[in-house]
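Below: one structure, written as C-alpha cells.
All residue numbers refer to positions in the sequence shown, counting from 1.
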Amino acid sequence: MQDPLASQFDISEAQVERIVADALKDADDGELFLEYEETESLLFDNGKLKSGAYATDRGFGLRSVLGETSGYAHAGDLSEAALKRAADAVSAVTRGASGTYSEAPQRTNKLLYTAENPLSTPGFEDKVKLLQTIDHYIRNKDERVRQVSVSIAANWQVVEILRADGHRVRDVRPLTRLNISVVAGVGDRQENGSYGMGGRKLFGDFLTDESWRHGADEALRQALVNLDAIPAPAGTMDVVLGAGWPGVMLHEAVGHGLEGDFNRKKTSAFAGLLGERVASKGVTVVDDGTLEGRRGSLSVDDEGTPSGYNVLIEDGILVGYMQDRQNARLMGMKATGNGRRQSYAHQPMPRMTNTYMLSSDKSPEEMISSVKKGLYAVSFGGGQVDITSGKFVFGCTEAYMIEDGKIGAPVTGAMLIGNGPEAMQRISMVGNDSALDTGIGMCGKAGQSVPVGVGQPHLLMNAMTVGGTQT
C-alpha cells in the first residue's frame with residue numbers, strides 16, 4: 001500500500017481535498033481519517049488447528065468539530081457519492097454557526113516502528129508448524145498438562161489524516177502477538193497459567209526459539225504454581241505488587257481518570273486536582289507513546305499529532321492530563337498525542353498509549369522483608385473500575401502470602417479492592433525495577449478497543465483490602 005489512500009477514491013485527490021475543505025469550512029476542527037487494514041489470526045487448541053482467519057478492510061471517517069459538538073460519518077466505500085453524503089451529514093454541525101479552524105499539528109519525521117507487513121512472513125505453514133511445536137513442547141514438559149492453547153495474531157494498518165487546510169499525515173502500523181495458555185490438573189482440580197508477548201514489530205523480532213520457549217515455560221510454571229495454591233485469606237493487609245504487568249491496575253484505577261474528557265466533564269475522581277497531591281511522594285506516572293516498537297506506541301495519533309512523553313503525576317503531584325485536540329482546546333491546554341480511535345468507524349477520544357510508573361530507590365527484597373503478614377501479587381487478570389468514584393476490584397492470577405518478611409505459599413482467589421486515588425496515597429515504597437508488560441495490553445473505552453502498554457516497578461501498598469476465598 002505505497003499509494004496515498006486518498007488516491008483510492010473514484011475521484012482525484014484534489015476533488016477529495018475540496019469536498020473535505022468545504023465540509024469543514026466553518027468548523028473549529030475536524031479531519032478525514034482514511035484506513036486500510038489487513039488482519040490474520042491462527043488458533044491451535046487441543047492439539048489441532050482450530051481456526052484461522054484473514055481479512056482486509058478499508059474506509060474513511062469524516063469529522064466536523066464545533067465547540068463541544070462533533071459530527072461524524074463513516075463508510076467502507078471510497079467513492080465520491082459516499083464522501084459527499086458524509087460531508088452533508090457532518091456539515092450540519094456548523095449550519096448557522098462559524099468557528100475558527102485550529103492550527104494543524106506539528107509535523108515530525110520520527111518513526112517508532114517498521115512499515116513492513118508482519119503478515120507476509122513467516123508463511124502460513126511455518127506459523128502452523130510453530131504453534132504445533134509449542135503445543136508439543138509444553139505437553140512433553142509435565143504429565144499434569146491437560147490443555148494447551150496457542151494463538152498468533154497480526155495486523156497491518158495504514159492510516160492517513162487529511163485536514164481542511166491541506167495538512168496530511170500518513171502512518172503505517174504493524175502489530176503482532178503470541179498467546180500461550182496452559183491448563184494443568186491433578187484429580188478433580190485444574191488451574192490455568194498464561195503468557196503473551198508482542199508489539200509493533202515483525203514476528204521475527206520475537207518468535208525465536210529462546211523467546212517462545214520462555215513464554216511456554218512461564219505459562220506452564222504459573223499453571224503449576226496455581227495448582228499448589230491454597231485459598232487466599234481475606235482482610236486488610238500490606239500488599240507488594242510485582243513489576244511490569246501489574247501496572248494494569250495503575251492503568252485502570254488511575255490512568256483512565258487522567259484522560260482529558262473525564263476531567264473536562266468533571267466525571268473523574270481527579271477532576272480539578274491539578275497541582276495537588278494525589279499520590280505518595282516518590283510516585284511519578286507518565287504516558288509515553290514514543291517508545292520504539294512498543295504495543296501502545298504511535299508515531300502520530302489518530303488526529304495526526306505526534307505522540308509524546310507526558311508526565312501525569314510527578315513526585316505525587318498531579319501535573320497533567322492526556323488530551324486529544326477537542327478536549328485540549330476546550331480546556332485551554334495542549335494536545336498531547338493521545339487522540340485515538342479503534343478504526344475509521346469511530347471518533348477519536350483521549351486514550352492512553354504506554355502508561356507506567358517510574359522507578360525509585362527500593363529493592364523488591366527490601367519491600368518483602370518489611371511485611372509481617374501480607375500478599376505478594378505477581379500478576380493480575382480481569383478487573384472492574386468506576387471512573388467517577390475511582391473504586392476498583394482486581395483479581396490476582398498469581399499471588400503468594402508474605403509471612404515474617406518471606407514469600408510463603410501461593411494463594412488462589414485473591415482480589416484487591418480499593419479506590420484509585422486513595423490507593424495511590426497508600427504507596428509507601430517504590431521499587432528500583434520499573435518494567436513494561438510483555439506486549440499484551442488492550443484497553444476498552446466507550447465501546448472502542450486499542451492496543452496499549454502498562455508498567456511499573458515493585459510497589460509496597462499499606463493496609464489494602466484483600467478479598468479471599470479462605471473459609
Margin query: Just by distance, no angles: are the side chains of Tyr344 and Asp302 close enough, under 3.5 Å, to form a donor-acceptor pair?
Written below: no

Margin query: Is any side-chain heavy atom of Asn179 closer than 4.5 Å to one of Arg177?
Written below: yes

Notebook entry, point to check: Side chains of Glu40 and Asn155: is there a donor and an acceptor less than 3.5 Å apart?
Noted result: no

Next item on the list: Please answer whether the main-chain N or O of Arg173 pairs with a side-chain N or O of Arg200 as donor and acceptor at a distance below 3.5 Å.
Entry: no

Margin query: Can you give me the closest heavy-atom contact between Pro457 and Gly431, atom names plus distance?
Written below: CB-O, 3.5 Å

Notebook entry, point to check: Between Asp88 and Lys84, is there a side-chain N and carboxylate O pair less than 4.0 Å apart?
Noted result: no

Note to self: Would the distance check show the side chain of Arg295 and the main-chain N or O of Met442 forming a donor-acceptor pair, the cut-off being under 3.5 Å?
What the structure shows: no

Check: Does a donor on one side chain sit under 3.5 Å from an acceptor on the other, for His346 and Ser343?
Finding: yes

Notebook entry, point to check: Asp28 versus Tyr101: any side-chain heavy-atom pair under 4.5 Å?
Noted result: no

Item checked: Atom of Ser102, atom of Arg325 and distance for their closest heavy-atom approach -> CB-NH2, 3.3 Å

Notebook entry, point to check: Can you tell if the side chain of Val285 reaches within under 4.5 Å of the side chain of Val311, non-hydrogen atoms only?
Noted result: no

Checklist line | Side-chain donor-acceptor pair present, Tyr54, Glu38, cut-off under 3.5 Å | finding: yes

Check: Do Leu416 and Val393 have side-chain heavy atoms sitting under 4.5 Å apart?
Finding: no

Notebook entry, point to check: Can you tell me if Ser149 and Asp45 form a side-chain donor-acceptor pair at under 3.5 Å?
Noted result: yes

Checklist line | Heavy-atom pair of closest approach, residues Pro105 and His167 | finding: O-CE1, 3.3 Å

Next item on the list: State plainly whether the residues Glu191 and Arg189 are in salt-bridge range, i.e. N to O under 4.0 Å.
Entry: yes

Next item on the list: Answer yes when Glu31 and Arg163 have at least one side-chain N-carboxylate O distance shorter than 4.0 Å, and no when they do not.
Entry: no

Item checked: Distance-minimising heavy-atom pair for Gly390 and Ala269 -> N-CB, 4.3 Å

Check: So, Asp217 and Lys141, do they make that salt bridge, N to O below 4.0 Å?
Finding: yes

Checklist line | Test item: side-chain donor near acceptor, Thr353 and Asp287, under 3.5 Å | finding: yes

Margin query: Less than 4.5 Å apart, side chain to side chain, heavy atoms only: is that true for Asp3 and Gln8?
Written below: yes

Check: Could Glu116 and Lys201 be called an ion pair, given the rule that one side-chain N must be under 4.0 Å from one carboxylate O?
Finding: no

Note to self: We want to know whether Gln157 and Glu35 form a side-chain donor-acceptor pair, criterion being a heavy-atom distance below 3.5 angstrom.
What the structure shows: yes

Item checked: Modelled atom types, side-chain donor and acceptor of Asn327 and Arg264, under 3.5 Å -> yes

Notebook entry, point to check: Salt bridge between Glu259 and Lys445, side-chain N to carboxylate O under 4.0 Å?
Noted result: yes

Check: In terms of heavy-atom contacts, does CD of Gln15 have more than 12 from other residues, nucleotides or ligands at under 6.0 Å?
Finding: yes

Check: Would you say the side chains of Tyr321 and Asn310 form a donor-acceptor pair under 3.5 Å?
Finding: no

Notebook entry, point to check: Looking at Phe394 and Val248, what are the two nearest heavy atoms and their distance?
Noted result: CZ-O, 4.1 Å

Next item on the list: Taking the six-membered ring of Phe33 (Phe, Tyr or Trp), confirm whether the NZ or CZ of Arg341 is under 6.0 Å from its centre and within 45° of its axis.
Entry: yes

Check: Does one side chain, of Thr267 or Thr388, offer a donor that lies under 3.5 Å from an acceptor on the other?
Finding: no

Notebook entry, point to check: With no hydrogens and no angle check, do the side chains of Ser181 and Asn192 hold a donor and an acceptor under 3.5 Å apart?
Noted result: yes

Check: Will you find, in the side chains of Ser70 and Gln347, an N or O donor that is under 3.5 Å from an N or O acceptor?
Finding: yes

Check: Is it the case that Asp288 and Tyr356 place a side-chain donor and acceptor less than 3.5 Å from each other?
Finding: yes

Check: Looking only at heavy atoms, which two atoms of Ile440 and Met197 are closest? And how far apart?
Finding: CG2-N, 3.6 Å

Next item on the list: Answer yes or no: is there a side-chain heavy-atom contact under 4.5 Å between Lys334 and Arg329?
Entry: no

Note to self: With heavy-atom distances below 4.5 Å as the criterion, would you say the side chains of Arg63 and Leu32 are in contact?
What the structure shows: no

